Amino acid sequence: MANRTKRSILITGGGQRIGAALVRSCAREGWFVAVHCHASVKEAETLVGEIRAAGGAGKVVSADLSNPAAIPGLLLEARRNAPPLIALVNNASVFEYDAVGSLNAEGIDRHLAVNLRAPVLLSQAFNDTFGDGYKDDGCIINILDNKVFAVNPDYFSYTVSKFGLHGATLAMAMAMAPRLRVNAIAPGITLESGGQGEKSFRDGQRMSPIGRVCSADDIANALSFILSTPSLNGHVITVDGGQTLQRLPRDVAFLGGGG
């Protein structure tokens, strides 16, 4: 197993789905992984047990990212009894369907709180408390969505929150340099979600110029590239097989026979 000189990475929403794939990839590369979760504590604990059984290292850290008061404690817990924390992946996300005709304040606030406010506040706290001795290694990676480069109106509040996080990525890449590098990954459809159904998901996975969109392993490979490329800052890697070039009018869940 490779060794990232015994340093830690915090991955929010790391207990399941894409987050779990990122956790496994980082653990294989030798990182000590702080696996953040909220509702999926059991899944996160099982994942950390799996990592330890394979010779890796990590811990579970739990926090409700919709509560801004939980942010400082999350970083403290991630750092406790662990190697220096030098990387943060803002992956946790709320993904619920709404459209212009069904918008409400509660839904908008729920998406913005977890998908935008929490990553910004967590990144700010990470920057403020980052150890000076590791300034050449510090890195923040935000998980966006390829919709920020080819917008459609489905999942309206979610989409707006990811547009906000894209803007925050660029602003933080300027504001936090040279202390930290800030980059992002914008995946296309990767896993079945939102009651989409298997046929719709498979159809959506083929909707790109090359006939494939994205896998969790593709996202993990992009993450590894960002972490290991010290000159990369303020960049968004879009992982979608070129799907954004097609400027699809709706979310693929509604173009692949599922809606």
Side-chain angles (χ1 to χ4, degrees), residues 11-22 36-40 64-66 89-120 122 141-170 184-208 212-216 218-219 222 236-259:
I11 300 178
T12 68
Q16 56 185 345
R17 296 176 63 80
I18 291 172
L22 301 182
H36 161 265
C37 63
H38 180 214
S40 56
D64 179 2
L65 294 180
S66 68
V89 180
N90 287 306
N91 166 74
S93 186
V94 173
F95 180 71
E96 298 172 355
Y97 186 80
D98 63 5
V100 168
S102 61
L103 292 175
N104 59 69
E106 292 78 11
I108 294 171
D109 288 348
R110 188 161 55 249
H111 283 84
L112 292 179
V114 175
N115 300 1
L116 177 57
R117 184 180 67 193
V120 170
L122 189 55
I141 302 97
N142 297 319
I143 305 300
L144 305 178
D145 191 294
N146 72 337
K147 291 184 69 172
V148 302
F149 299 112
V151 68
N152 66 68
D154 291 311
Y155 296 95
F156 195 95
S157 295
Y158 167 82
T159 300
V160 169
S161 70
K162 291 298 183 178
F163 265 87
L165 188 56
H166 178 215
T169 298
L170 303 181
I185 303 169
I189 181 173
T190 307
L191 300 172
E192 185 179 334
S193 60
Q196 180 180 13
E198 184 177 354
K199 182 183 184 304
S200 174
F201 170 68
R202 295 301 176 193
D203 289 347
Q205 274 270 292
R206 291 190 289 268
M207 287 186 187
S208 84
R212 67 185 300 268
V213 177
C214 184
S215 70
D218 293 334
I219 302 170
V236 181
I237 299 177
T238 305
V239 186
D240 71 351
Q243 187 183 72
T244 51
L245 301 172
Q246 298 171 318
R247 297 295 191 269
L248 300 175
R250 296 202 66 187
D251 188 272
V252 294
F254 303 100
L255 296 173

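This one's a predicted model, so the numbers in the text were calculated from it and none came from an experiment. Numbers here are sequence positions counted from 1.
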- Message: What's the separation between atom CD1 in Ile108 and atom OG in Ser157, rounded to the nearest 0.5 Å?
- Response: 4.5 Å
- Quick one: are Asp218 and Arg212 in side-chain contact, heavy atoms under 4.5 Å? yes
- Message: Over 60° means perpendicular and under 30° means parallel, so tell me whether Tyr155 and Phe95 are parallel, tilted or perpendicular.
- Response: parallel
- Message: I need the minimum non-hydrogen distance between Leu255 and Met207, along with the two atoms involved.
- Response: O-CE, 3.2 Å
- Item | Main-chain N/O of Ile143 paired with Lys162 side-chain donor or acceptor, under 3.5 Å | yes
- Measure the CZ-CG distance between Phe163 and Asn115 for me, rounded to the nearest 0.5 Å. 14.0 Å
- Item | Those residues that, when tested against Ala150, pass side chain to side chain contact (heavy atoms under 4.5 Å, CB included) (two or more places apart) | Thr244, Arg247
- Nearest-0.5 Å distance, CG of residue Asp240 to NZ of residue Lys147: 13.5 Å
- Nearest 0.5 Å please: distance from the OG atom of Ser215 over to the CD1 atom of Ile189. 12.5 Å
- In sequence, state the C-alpha distance, the side-chain angles, and the governing distance for Leu248 and Gln243, and then conclude on side-chain contact (heavy atoms from CB on, under 4.5 Å). CA-CA 8 Å; Leu248 300 175; Gln243 187 183 72; 4.0 Å; yes
- Message: Determine whether a donor-acceptor pair (N or O, by modelled atom type, separation under 3.5 Å) exists between the side chain of Thr159 and the backbone of Asp154.
- Response: yes
- Query: Counting distance only, does the side-chain N/O of Asp98 pair as donor-acceptor with the main-chain N or O of Phe156 below 3.5 Å?
  - Reply: yes
- Query: Got a second to check how far Asp64's CG is from Cys37's SG, nearest 0.5 Å?
  - Reply: 11.5 Å
- Is there a donor-acceptor pair closer than 3.5 Å between any side-chain N or O of His36 and the backbone N or O of Gly13? yes
- Kindly compute the distance separating CG (Leu22) from CD1 (Ile11), expressed to the nearest 0.5 Å. 5.5 Å
- Note on the structure: Leu65 and Ala92 have their tightest heavy-atom pair at CD1-CB, 3.6 Å
- For Thr12, does its backbone N or O pair with a side-chain atom of Asn91 as donor and acceptor, under 3.5 Å? yes
- Tell me, with the steps shown, if Cys214 and Ile219 meet side-chain contact (heavy atoms from CB on, under 4.5 Å). CA-CA 8 Å; Cys214 184; Ile219 302 170; 3.6 Å; yes
- Task: Report the C-alpha distance between Phe149 and Val236 in whole Å, list the side-chain angles of each, state the deciding distance to 0.1 Å, and finish with yes or no for side-chain contact (heavy atoms from CB on, under 4.5 Å).
- Result: CA-CA 10 Å; Phe149 299 112; Val236 181; 3.7 Å; yes
- Message: Donor-acceptor check, side chain of Asp251 to backbone of Phe254, threshold 3.5 angstrom: yes or no?
- Response: no
